[in-house]
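One structure below.
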Amino acid sequence: MSKSLPYSMKDVHYDNAKFRHRSLFKVITQTLLTSNMRRECVSCSTGKFLGLLMIFGLACLMLTHTNKAHSVSDGLAKGIGTNEEHKEVTDVGIRFKKLFRRAPRLPPRLSPDEKIIHHNFTGKLNETNVEEQWKARQQNVKDAFTHAWSGYKKFAMGYDELMPVSRLGVDGLGGLGATVVDALDTAMIMGLDEVVSEADSWIESHLLDRIKQKGQVNLFETTIRVLGGLLSAYHLSGGDQGMTLAQKGPKPTIYLDIAKNLADRLLSAFTSSPTAIPFSDVVLRDSSAHSAPDGLSSTSEVSTLQLEFNYLSAISGDPTYSTEGMKVLAHLKTLPKTEGLVPIYISPHSGEFSGENIRLGSRGDSYYEYLIKVWLQLRDTQDGNFTYLHDMYEEAMRGVKHMLVQKSIPSELVFVGELPVGPKGYLSPKMDHLVCFLPGTLALGATKGLTKEKAMKDNLLTFEDLENLKLAEDLTKTCFEMYSVTSTGLAPEIAYFHTKDYFESGLDGGNKSSEYVNDIIIKHADRHNLLRPETVESLFVLYRITQDPKYREWGWQIFESFEKYTKVESGGYSSLDDVTTVPPPKRDKMETFFLGETLKYLYLLFGDSSVIPLDKFVFNTEAHPLPIKSS
């Protein structure tokens, strides 16, 4: 029982005792035998008289009731009883019963802990009905995926992305049919065999030729979306003795062969660079690579390749991929940092960080995500000592809490700001939607994918783990409120927070009934929504780890807003230009990650937690689940 209760169990037992039934005999005897009663009766003649009078009256009533009852029963036995006699005796009995009727029995008072047990025991919270409701909602997400895929298949099959309003396809990611590969493992997890068959057919017939013929692609985007999608599909279709979620489609080796061909060409970004930091761009058809026009690479991009390359080495038997990928993290370990925090640019020519801009939004985000995820992927293998990754992660999270975390005014939402001019400059209260990956990462780092209940039962959580988990919950709430504060219920790409040093009036989200309407500021240039997954990703992870149903409810509210405002009737879903106005103007773009990440995380959030368990799989930054290998 909770120590914070305002009363003890003795109080509860006392209250319950007051309402227990006591017999007439007990009432009389206990009254007469009380010391006070004895003392008063002995000392007071009036008391003696009244007591004797009461006893005499009770005896008369009882004798009258007995005699009448016997006379009626005798009369009935002899066949001479009359209705009048029966009525008279019945009336006496009723009057007698009324005189000594029991007081109404009130229900016992329960402590809060007992209320929960009693509530569950009586079945008022019907778990079966609740799960049925979530299965129905999961089906809604499945239907949304089917609708999105149908638009892509009709108007953009083989293109990277769909323009759902124009009903056209567009290649913005190198022309490798990115939506097909990004969506494939989502369809497998959802059990959509027809979609899996259609995607597989295209991959088997076209993808390898595209890889051999296409020109420039971004190393990071191609790795997380296409290579990651192929590797996940390989495992989920039964490769590497993995799960067999797809009933149709090619043999798993098809995915592996294409993945190896693609990765061999991407390796040129590593081998062409004069340092351990790879170039940002690769020309696939001739396996060449070069840096971006400004000569720099994003810190997040060079450090978000290792999950994919490590797994490819594990299943292909070729250590080259893992060796090249891990060189990057080993090199980053040696570079100077500010409390574990790093600038968002790095030079492949010098191997050094460039500039002082520190943020967990674009170009910085997944550096921190992959520190903990790569450590989780490799910690049980015999390939080497990777504890330095966990050390880097913990140092960085301490730096985040010390240097970047603040609370808004007036309602104290916890947010993560930026240091645009470095650690010695001002803290900007700007927070990208991309930063909403962080709550999920913090929770994953705290429990290592186990539920909080199990981790605490096994005494696996340190004080710092619990602190990080609390921050994860606070930030998840903030990320959700970035949705609920707008007129559409959908988050902007970027939000600012009201602090003692910063506020702009007239830039709220439009939902005047929100408690946080004065905490969150949305500038005109930041009001677009790209169907991003980061918040629902964290809702999924937080639900799996804490088992708190509010994260499911928040996810459902977000999904309903996607359905209401982004759905295009002819097929597909569209990003929006302004989430603060209703109806919001559409941007005419369905990003590949809407099918590859957003809908996948929502589907898993509403489903059984045993599907793709977090202690057995690690999701790459594009939501492609890869198995955690053990030695």
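Remember, predicted model here, so these are calculated numbers, not experimental data.
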Next on the checklist: Walk me through whether H147 and Y573 qualify under ring pair (Phe, Tyr, Trp, His ring centres under 6.0 Å).
Outcome noted: CA-CA 8 Å; H147 182 77; Y573 291 76; 5.6 Å; yes
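- Taking the charged nitrogens against the carboxylate oxygens, E369 and K373 do have a contact shorter than 4.0 Å, which makes a salt bridge.
- Put simply, the side chain of N261 reaches to within 4.5 Å of the side chain of K212, judged on heavy atoms.
- There is no side-chain donor-acceptor pair under 3.5 Å between S197 and E194.
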Checklist entry - When you look at S366 and T304, which way does the side-chain hydrogen bond (donor to acceptor under 3.5 Å, both in side chains) test go after all the steps? => result CA-CA 6 Å; S366 49; T304 311; 2.7 Å; yes
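- Inter-residue side-chain proximity for L329 and W375 is flagged as unmet; no heavy-atom pair is nearer than 4.5 Å.
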Checklist entry - Where do I545 and L469 land on the side chain to side chain contact (heavy atoms under 4.5 Å, CB included) test, with the steps shown first? => result CA-CA 10 Å; I545 286 174; L469 194 54; 4.3 Å; yes
Item to check | Worked check of side chain to side chain contact (heavy atoms under 4.5 Å, CB included) between V180 and L207 | outcome: CA-CA 10 Å; V180 180; L207 184 53; over 6 Å; no
Next on the checklist: Run D143 and Q139 through side-chain hydrogen bond (donor to acceptor under 3.5 Å, both in side chains) and show every step you take.
Outcome noted: CA-CA 6 Å; D143 294 342; Q139 181 61 47; 2.8 Å; yes
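- Taking a 6.0 Å sphere around NZ of K154, one finds it holds more than 12 heavy atoms contributed by other residues, nucleotides or ligands.
- In this structure, F270 has its ring center closer than 6.0 angstrom to the ring center of F309.
- In this model, no donor atom of one side chain and acceptor atom of the other lie less than 3.5 Å apart for S272 and H290.
- Between Y601 and F619, the ring planes are tilted. Angles from 30° to 60° get that label.
- Here the CG-CG distance, from L208 to L262, works out to 9.5 Å after rounding to the nearest 0.5 Å.
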Checklist entry - Passes ring pair (Phe, Tyr, Trp, His ring centres under 6.0 Å), H433 versus Y483? Steps please. => result CA-CA 10 Å; H433 186 278; Y483 282 75; 5.6 Å; yes
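- When ring centroids are compared, Y603 and F145 stay outside the 6.0 Å threshold.
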Item to check | Verdict with supporting geometry, S237 and M188, side chain to side chain contact (heavy atoms under 4.5 Å, CB included) | outcome: CA-CA 8 Å; S237 62; M188 288 179 169; 4.1 Å; yes
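- The NZ atom of K550 lies 6.0 Å from the CD atom of E473; values are rounded to the nearest 0.5 Å.
- The environment of NZ in K448 is crowded: more than 12 heavy-atom neighbours from other residues, nucleotides or ligands sit within 6.0 Å.
- With no hydrogens or angles considered, no side-chain donor-acceptor pair links W202 and E198 at under 3.5 Å.
- Within a 6.0 Å radius of NZ in K523, other residues, nucleotides and ligands contribute more than 12 heavy atoms.
- Distance OG1/T478 to CD1/I520: 7.5 Å, rounded to 0.5 Å.
- Comment: R532 engages E493 in a salt bridge, judged by a side-chain N to carboxylate O separation of less than 4.0 angstrom.
- Ion pair R137/E553 flagged as a salt bridge, since at least one NZ, NE, NH1 or NH2 atom sits closer than 4.0 Å to an Asp/Glu carboxylate oxygen.
- Taking CG from N620 and CD from E308, the interatomic distance works out to 4.5 Å, rounded to the nearest 0.5 Å.
- Under the 4.0 Å criterion applied to side-chain N and carboxylate O atoms, K327 and E324 are assigned as salt-bridge partners.
- Around OH of Y159, the count of heavy atoms belonging to other residues, nucleotides or ligands within 6.0 Å does not exceed 12.
- Between E131 and R552, at least one side-chain nitrogen of the basic residue sits less than 4.0 Å from a carboxylate oxygen of the acidic one, meeting the salt-bridge criterion.
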Checklist entry - Would L332 and Y367 count as a side chain to side chain contact (heavy atoms under 4.5 Å, CB included) if you check the C-alpha gap in whole Å, the side-chain angles of each, and the deciding distance to 0.1 Å? => result CA-CA 10 Å; L332 291 173; Y367 162 77; 3.9 Å; yes
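- No option in K600, R225, H624 other than H624 meets the side-chain hydrogen bond (donor to acceptor under 3.5 Å, both in side chains) test with D182.
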